[in-house]
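Below is one structure, written out as structure tokens; comments come after it.
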Amino acid sequence: MIRVNHLTKEYIQGQEKIQVLKGVNVQINEGEFVAIMGPSGSGKSTLLQLMGGLDLPTSGDIQINQQPLHEMNEKKRTIFRRRHLGFVFQNYQLLPTLTVEENIAFPIHADGKIKKKHQQSITNLISEVGLKGFEKKRANLLSGGQQQRVAIARALVNHPSVLLADEPTGNLDRTIAEDILRLLLTFNRKHNQTIVMVTHDIFAAGFADRIILFRDGVIEKVIARKDEDYAKYMANFMA
Ligand SMILES: Nc1ncnc2c1ncn2[C@@H]1O[C@H](COP(=O)(O)OP(=O)(O)OP(=O)(O)O)[C@@H](O)[C@H]1O
């Protein structure tokens, strides 16, 4: 579970203070699939980075499974990140000359030696993301959709509590994007994988259980699939 309490973030640029997050409170439950939407520059990626412990807030705090990120020193936060969080980015961020298998195994290497149980987990993941037969193929020879499948498998290889995805379908055309979103949904439903996804795209956000609408550094609205006005709201959004 993720708890975000009174979160603010400001950047100093020259003489100027830019207040990007202006007091964000949100709770994301275990097994939830949540989308964060909002205009460009509203602070979505900043919030995701803070949730991932990649940066620290100016004030407020974030707890993941009751563990406050700000109380960890840099080293502890890095280890926590590696063990409990998975990241997926718009541009995949694979190592281009490594194979599919090697890219997926990368986070395990960072933590120690690959054991038999890891090898089994890698084999299972390759199959689950639909890349059986591509194990030895180099990442730079794959299509965008295939690269994102590798990135998802890599993000999940350590069985993280939370998968954080920043515009995971931003570089993909609609059909391929839909495949990737269905894959994320499968992990969410089948393995109760908690997912927080930043997106510009209402179509992508429609895969989530809850949509958090962001505007100018604050949460403007939260809409859940189970809400009575969900269908009407989505229809208006798409119109
Ligand atoms: N390291 C930084 N230093 C200074 N300003 C920053 C930094 N990172 C982000 N910002 C500013 O914070 C604001 C919010 O950025 P952020 O990337 O979180 O927005 P976003 O909603 O994800 O936008 P987009 O949808 O375009 O990716 C922007 O004005 C951006 O310029």
Side-chain angles (χ1 to χ4, degrees), residues 2-28 32-64 69-70 72-74 77-78 81 85-94 144-145 147-148 151-152 155 162-174 176-178 180-181 184 194-224 233-234 236-238:
I2 308 174
R3 256 181 219 277
V4 175
N5 300 311
H6 310 297
L7 201 73
T8 75
K9 178 70 181 173
E10 56 189 42
Y11 294 109
I12 312 284
Q13 243 177 12
Q15 306 278 50
E16 220 188 321
K17 250 191 209 167
I18 309 169
Q19 184 135 38
V20 177
L21 299 181
K22 300 174 180 169
V24 176
N25 294 291
V26 68
Q27 183 176 311
I28 295 169
E32 249 197 307
F33 186 171
V34 171
I36 303 174
M37 280 196 78
S40 192
S42 56
K44 306 180 295 292
S45 296
T46 303
L47 176 61
L48 204 73
Q49 282 195 343
L50 295 180
M51 281 182 180
L54 295 165
D55 197 359
L56 287 172
T58 306
S59 67
D61 70 275
I62 295 178
Q63 294 178 22
I64 296 183
L69 293 180
H70 66 280
M72 301 174 192
N73 63 25
E74 182 93 35
R77 215 169 43 247
T78 304
R81 215 167 34 227
L85 301 168
F87 295 88
V88 175
F89 303 94
Q90 179 169 358
N91 59 1
Y92 327 125
Q93 298 201 3
L94 300 179
Q147 289 192 51
Q148 197 58 301
I152 290 168
V162 183
L163 178 70
L164 299 167
D166 199 348
E167 298 276 7
T169 56
N171 280 354
L172 303 171
D173 68 33
R174 175 53 54 95
I176 308 294
E178 189 170 343
I180 294 296
L181 291 160
L184 291 176
T194 311
I195 302 178
V196 184
M197 172 178 74
V198 163
T199 181
H200 272 110
D201 183 4
I202 186 71
F203 173 78
F207 281 75
D209 302 312
R210 246 187 332 153
I211 305 175
I212 294 173
L213 280 162
F214 231 73
R215 184 174 297 275
D216 200 17
V218 290
I219 293 177
E220 188 181 53
K221 186 173 170 68
V222 179
I223 182 108
Y233 180 82
M234 292 297 274
N236 281 344
F237 211 112
M238 291 195 197

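Nothing here was measured: the structure is a model prediction, and the numbers come from that model. In each ligand, atom 1 is the first atom listed, and ligand 1 is the first ligand listed.
- When only non-hydrogen protein atoms are considered, atom 12 (O) of ligand 1 lies nearest to V20 CG2, 3.1 Å.
- Taking all heavy atoms of G170, G38, G43 into account, the minimum distance to atom 19 (O) of ligand 1 is reached by G43.
- Close contacts of ligand 1 with P39, meaning ligand atoms under 4.0 Å from a residue heavy atom, involve 21 (O).
- Among all protein heavy atoms, the one lying closest to atom 27 (O) of ligand 1 is S45 OG, 3.9 Å.
- R77 and D55 are not joined by a salt bridge, as no carboxylate oxygen comes within less than 4.0 angstrom of a charged side-chain nitrogen.
- The residue E167 has no part lying near ligand 1, judged by heavy-atom distances below 4.0 Å.
- Atoms of ligand 1 found under 4.0 Å from any heavy atom of H200 (numbered from 1 in listed order, with element): 25 (O).
- Atom 25 (O) of ligand 1 has K44 NZ, 2.8 Å as its closest protein atom, hydrogens excluded (heavy atom only).
- In this structure, atom 9 (C) of ligand 1 has protein heavy atoms in its sub-4.0 angstrom surroundings.
- Polar contact check, G41 against ligand 1: a nitrogen or oxygen pair lies under 3.5 Å apart.
- Here the shortest heavy-atom pairing between N25 and H6 reads OD1-N, 2.6 Å.
- Between F207 and L184, the closest side-chain pair of non-hydrogen atoms is not below 4.5 Å.
- Looking only at protein heavy atoms, the nearest one to atom 26 (O) of ligand 1 is S40 OG, 2.5 Å.
- In terms of protein heavy atoms, atom 5 (N) of ligand 1 is closest to Y11 CD1, 3.4 Å.
- A cation-pi geometry, defined here as NZ or CZ lying under 6.0 Å from the six-membered ring centre and within 45° of its normal, holds between K221 and Y233.
- With a 4.5 Å cut-off on side-chain heavy atoms, L213 and I36 do not count as touching.
- Shortest non-hydrogen contact noted between Q27 and R210 is O-NH2, 2.7 Å.
- Of all heavy-atom pairs between P168 and V198, the closest is CD-O, 3.8 Å.
- For S59 and T8, the side-chain atoms include at least one donor-acceptor pair closer than 3.5 Å.
- At a 4.0 Å heavy-atom cut-off, ligand 1 touches T46 through backbone and side chain alike.
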